[in-house]
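Working notes, structure below.
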Number of protein chains: 2
Amino acid sequence: MSGARAKRWHSRVGRPPSQAANDVHAALIAAARHLFLKHGYQKVTARQIATAAGTTPAMIHYYFGNKMGLFRAMLHEAVQPFTRLLSAAKATPSMDISSIIDAHIRTIAANPWIVSLLVHEVLPEGGKFRAAFVREIASRLFPMLVGVVEQGRREGRLRTDLDARLVALSIVSLNVFPLVVRSIAAPVLGFKLEGAELDRLIAHTSSLLLNGITAEPTKTTHSRART
Amino acid sequence: MSGARAKRWHSRVGRPPSQAANDVHAALIAAARHLFLKHGYQKVTARQIATAAGTTPAMIHYYFGNKMGLFRAMLHEAVQPFTRLLSAAKATPSMDISSIIDAHIRTIAANPWIVSLLVHEVLPEGGKFRAAFVREIASRLFPMLVGVVEQGRREGRLRTDLDARLVALSIVSLNVFPLVVRSIAAPVLGFKLEGAELDRLIAHTSSLLLNGITAEPTKTTHSRART
DNA sequence: ACAGATATTAAACGCTCGTTTAAATAGCTG
DNA sequence: CAGCTATTTAAACGAGCGTTTAATATCTGT
């Protein structure tokens, strides 16, 4: 299927001359990132990754022990920017909910591999990233979101008759689900949730959500709407 | 892992005496239903199904041609009740949105295999039920939901400044996503979305959604709330 | 310059998968 | 009752998987 085989760097057996700038380690991680995050751990074979990286499957064993070791190393690199962002965001006091929706949807839409990783390795019961995702991301991000909702309630901006945790769950649902089903929703909905359509989704989500959880019946459609 | 092997009906080679009520065909479909809908097509082997059905993998080839044939036959049976319900519901004029939310969430929660099927065979790009799901379910159910929203707008009960298709997408998101992430949300949220908690989720979803899309600022928290 | 240490390929290993085949036994038809 | 059809088991097949090994070539430190 994927005939994207990179030509092999070294044609003969034995340690290659160092003149050719050949970082097999990095090439394997890059290929793994491409393939694992697109098709999931199971569907990608060690030979496919090795071929895409221009080397042999024995190099996976040499540098990472086995296929799982390569997956973990790749994932650690891929996820690091977000865990760092998460630790940094712990200090910031309080974002307004529209900004959170905007940032959340845009981040997921801009990195399509996030949805693929969720679908392949988090949602299935035997997902290879499920436990780590819950431990390092969900259980840190979700309480922050609940905290924002609770603060909004304390300040009188949000309804107090709703469970803050359920409100947070609804926010995540409205943000994540449309992008998870994006590829199958396109033919049914009639649009692709890209570009201006994504802006429209964000404005819609803010409006629908805020006028549901806002205490005042102000009915302010949020700012970012574009005609 | 799964040591649920049924004892073989026939111990000797050759056609068995008809006295023993042995419906291998039905047993295979039942075992396939159990295993495929729980773990997904790929993770379940033909030998596992045959063993669970108390027979041999050659019987899959004999009755269904191959593993895929068994999967399709099983799925046709499993989904039939819903496609029939769908055809019947086409005649009914208009449900109110709270009833739709209630029915939708309860149906998914009462049939856990629906979520598993979505996660394993619809959401992934190569899912074995993806095309059929879009064709026979999504593209029939979703327009009905859009129609309900549009009728509510015409009757003045719902806001007119929101895109009806996006409202429908939000409704589906709020209904489906919490149950899709149920097993990973449990430790993060602190509850399991079962029993009374499910009732609370339904009431919450109705309240949050309606006060977002209702034109009047009446703020009627919907009925079904239980303390 | 020599002796490890390091990096690489090609080949093979053992395993499991879906599938096929051969043989065996019972039912069915005339 | 003879012959054909239907149903089943056990065994094997070929392919593909992740992984391991043996050989080989280069680099590095003394």
Side-chain angles (χ1 to χ4, degrees), chain A residues 1-3 5-29 31-32 35-36 39-74 126 128, chain B residues 1-3 5-29 31-32 35-36 39-74 126 128:
Chain A
M1 187 157 288
S2 62
R5 65 185 63 200
K7 222 175 346 193
R8 223 185 240 52
W9 285 321
H10 328 295
S11 48
R12 281 182 351 286
V13 177
R15 179 168 183 163
S18 59
Q19 56 199 20
N22 46 27
D23 193 345
V24 175
H25 183 99
L28 278 174
I29 290 209
L35 294 173
F36 277 145
H39 305 108
Y41 181 82
Q42 288 238 63
K43 297 260 282 194
V44 180
T45 72
R47 280 173 177 83
Q48 281 177 338
I49 296 175
T51 301
T55 180
T56 62
M59 289 288 90
I60 294 176
H61 167 253
Y62 183 76
Y63 282 111
F64 304 98
N66 52 25
K67 185 187 175 186
M68 192 62 206
L70 172 57
F71 179 78
R72 269 199 268 264
M74 175 277 296
K128 301 274 177 294
Chain B
M1 188 160 288
S2 62
R5 67 186 63 201
K7 227 189 327 209
R8 225 185 239 53
W9 286 320
H10 328 294
S11 48
R12 282 183 349 287
V13 177
R15 181 170 181 161
S18 60
Q19 56 198 18
N22 45 28
D23 193 345
V24 175
H25 183 99
L28 277 174
I29 289 208
L35 294 173
F36 276 145
H39 305 109
Y41 181 82
Q42 286 238 64
K43 295 262 280 197
V44 179
T45 71
R47 280 172 176 82
Q48 281 177 336
I49 296 176
T51 303
T55 179
T56 62
M59 289 288 91
I60 295 175
H61 167 252
Y62 184 75
Y63 282 111
F64 304 97
N66 52 26
K67 186 187 175 187
M68 193 62 206
L70 172 57
F71 179 77
R72 269 198 268 263
M74 174 278 296
K128 300 275 179 291

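We find that CD of Q42(A) is positioned 10 Å from P of dG18(D), with the value rounded to whole Å. Atom-to-atom, NZ of K67(B) to C1' of dT19(C) comes out at 12 Å; the value is rounded to the nearest Å. Going from atom CZ of R47(A) over to atom P of dG18(D) covers 7 Å, rounded to whole Å.
In this structure, the separation between OG1 on T55(A) and CD1 on I49(A) is 12.0 Å, given to the nearest 0.5 Å. Rounding to the nearest 0.5 Å gives a distance of 9.5 Å between CZ of R72(B) and NZ of K128(B).
Geometric assessment of K67(A) against the ring of F36(A) yields a negative cation-pi assignment under the 6.0 Å and 45° thresholds.
Close to dT9(D), at under 4.0 Å from its OP1 or OP2, lies a side-chain N or O of T56(B). Dashed line: the shortest gap from a side-chain N or O of Y63(B) to OP1 or OP2 of dT8(D) is under 4.0 Å. At the phosphate of dT19(C), OP1 or OP2 sits under 4.0 Å from a side-chain N or O atom of N66(B).
Of the candidates dT8(C), dT7(D), dT19(C), the closest approach to any side-chain atom of P57(B) belongs to dT19(C). Nearest nucleotide to the T55(A) side chain, out of dT9(C), dT8(D), dA10(D): dT9(C). For A46(A), whose side chain is taken as the heavy atoms from C-beta onward, the closest listed nucleotide among dT8(D), dG18(C), dG18(D) is dG18(D). Side-chain proximity of Y62(B) to dA6(D), dT8(C), dG18(C): nearest is dA6(D). For A58(A), whose side chain is taken as the heavy atoms from C-beta onward, the closest listed nucleotide among dT20(D), dT19(D), dT21(C) is dT20(D). The side chain of M59(A) lies closest to dT8(C), out of dT8(C), dC17(D), dG18(C).
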Which donor-acceptor pairs under 3.5 Å do the side chains of residues 56-66 of chain B make with protein atoms, sequence neighbours left out?
unit_1: N66(B); atom_1: OD1; unit_2: M68(B); atom_2: N; d: 3.3
unit_1: N66(B); atom_1: OD1; unit_2: G69(B); atom_2: N; d: 2.9

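Both H61(B) and G54(A) sit near DNA chain C, but only G54(A) has its closest nucleotide nearer the 5' end.
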